[in-house]
Amino acid sequence: MWKSVQKRDRIIWKSGNPYEAGTDKTFSLDTLPQEYTAYGNGDYRINGLTVLEECHHMYHGEKVAFGTLAQLVLENVPHEELEEIIMWCIEVGLPVTLEELGAGNVTDEQLMEVAKAASAEGDTLQNMPFTVTPESVFAAIKAADAYGRYYLGEE
């Protein structure tokens, strides 16, 4: 019994109903890549956000969601792609702003510490195909927050 429950828990269903999937594993978590980008960055985003005490109460995935937005800004992805991901995060209730992470009142100095931690020498963020600096990560965090506030209708 446990194996069948465990197996079902690892599948994503279009309808949201696991009993409709049958044996269709098109959206199986076993076959979809997870949190490992083409550059091998994985969870680099968490390393930076752990610096902020204000974020300690947030779930891992919530920090990853916002960090992903910052990474997409850093990568300068097309606006349409960024908008699609922000809207999806909003739809499923993931944070798209620093405020939603509990860090709405952090200072620029605190955010620079986050950026330094996220872009530290030897961190996987250094695997990006371009030079990453604390300043570029800081700017990406600020921009991701501004985008999130815009799409939430706060600006």
Side-chain angles (χ1 to χ4, degrees), residues 5-106 108 110-111 114-115 117-119 123-130 132 134 136-155:
V5 171
Q6 187 177 24
K7 188 174 181 182
R8 285 187 181 272
D9 284 348
R10 295 181 57 86
I11 299 174
I12 301 170
W13 298 276
K14 287 183 183 180
S15 69
N17 184 343
Y19 300 103
E20 292 178 9
T23 58
D24 179 11
K25 293 194 176 208
T26 305
F27 297 98
S28 170
L29 294 180
D30 293 328
T31 60
L32 294 174
Q34 296 181 37
E35 291 197 56
Y36 295 100
T37 64
Y39 307 116
N41 293 328
D43 266 352
Y44 85 86
R45 302 162 293 260
I46 301 308
N47 297 338
L49 290 173
T50 58
V51 170
L52 294 178
E53 176 96 18
E54 294 85 350
C55 294
H56 287 186
H57 71 285
M58 301 302 290
Y59 289 114
H60 172 86
E62 292 171 320
K63 293 182 233 181
V64 169
F66 182 79
T68 298
L69 299 179
Q71 180 177 338
L72 293 171
V73 170
L74 186 65
E75 292 178 9
N76 199 27
V77 299
H79 176 76
E80 298 78 21
E81 183 178 338
L82 181 61
E83 178 181 36
E84 179 181 350
I85 294 170
I86 290 172
M87 296 307 292
W88 179 82
C89 286
I90 292 170
E91 181 181 330
V92 299
L94 290 170
V96 295
T97 65
L98 291 169
E99 178 72 37
E100 290 181 313
L101 280 173
N105 295 322
V106 297
D108 283 352
Q110 288 174 291
L111 287 180
V114 169
S119 60
D123 198 288
T124 54
L125 185 55
Q126 297 301 324
N127 292 336
M128 298 296 277
F130 50 84
V132 176
S136 64
V137 173
F138 172 83
I141 292 169
K142 295 286 278 191
D145 181 58
Y147 275 117
R149 285 184 282 119
Y150 173 79
Y151 283 102
L152 286 174
E154 297 175 3
E155 283 194 1

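Predicted model, so just to flag it, every value in this text is computed and none were measured.
Minimum heavy-atom separation, G102 to E54: O-CB, 3.2 Å. Heavy atoms only, all atoms of each residue included: P134 and A115 are closest at O-CB, 3.2 Å. Counting all heavy atoms, side chain and backbone alike, A140 lies closest to A70 at CB-O, 3.4 Å. Taking every heavy atom of both residues into account, V51 and A117 meet most closely at CG2-CB, 3.6 Å.
Contact of the F130 side chain with the L74 side chain is registered, since non-hydrogen atoms from C-beta on lie closer than 4.5 Å. By the 4.5 Å heavy-atom criterion applied to side chains, L98 and F66 are counted as neighbours. Using a 4.5 Å heavy-atom cutoff, the side chains of V64 and Y59 are not in contact.
A distance of 8.0 Å separates OH in Y150 from CD in E83, rounded to the nearest 0.5 Å. K63 NZ to T68 OG1: the interatomic distance, rounded to the nearest 0.5 Å, is 13.5 Å. Rounding to the nearest 0.5 angstrom, the gap separating the CG atom in L82 from the CD atom in E75 is 10.5 Å.
Environment of CG in N105: sparse, with no more than 12 heavy atoms of neighbouring residues, nucleotides or ligands closer than 6.0 Å. Counting non-hydrogen atoms of other residues, nucleotides and ligands closer than 6.0 Å to OH of Y147 gives a total of 12 or fewer.
Partners of N76 by side chain to side chain donor-acceptor pair (under 3.5 Å), not counting sequence neighbours: none found. Partners of H79 under the side chain to side chain donor-acceptor pair (under 3.5 Å) rule, at least two apart in sequence or in another chain, are Y151.
Of the possible polar contacts, one joining the E100 side chain to the V96 backbone as a donor-acceptor pair under 3.5 Å is found. A donor-acceptor pair is defined here as one N or O able to donate and one able to accept, closer than 3.5 Å; no such pair exists between the side chain of E84 and the backbone of E81. In this structure a side-chain-to-backbone donor-acceptor pair under 3.5 Å is missing from S136 to V132.
Partner of D145 under the side-chain contact (heavy atoms from CB on, under 4.5 Å) criterion, out of L111, L69, L101, T97: T97 alone.
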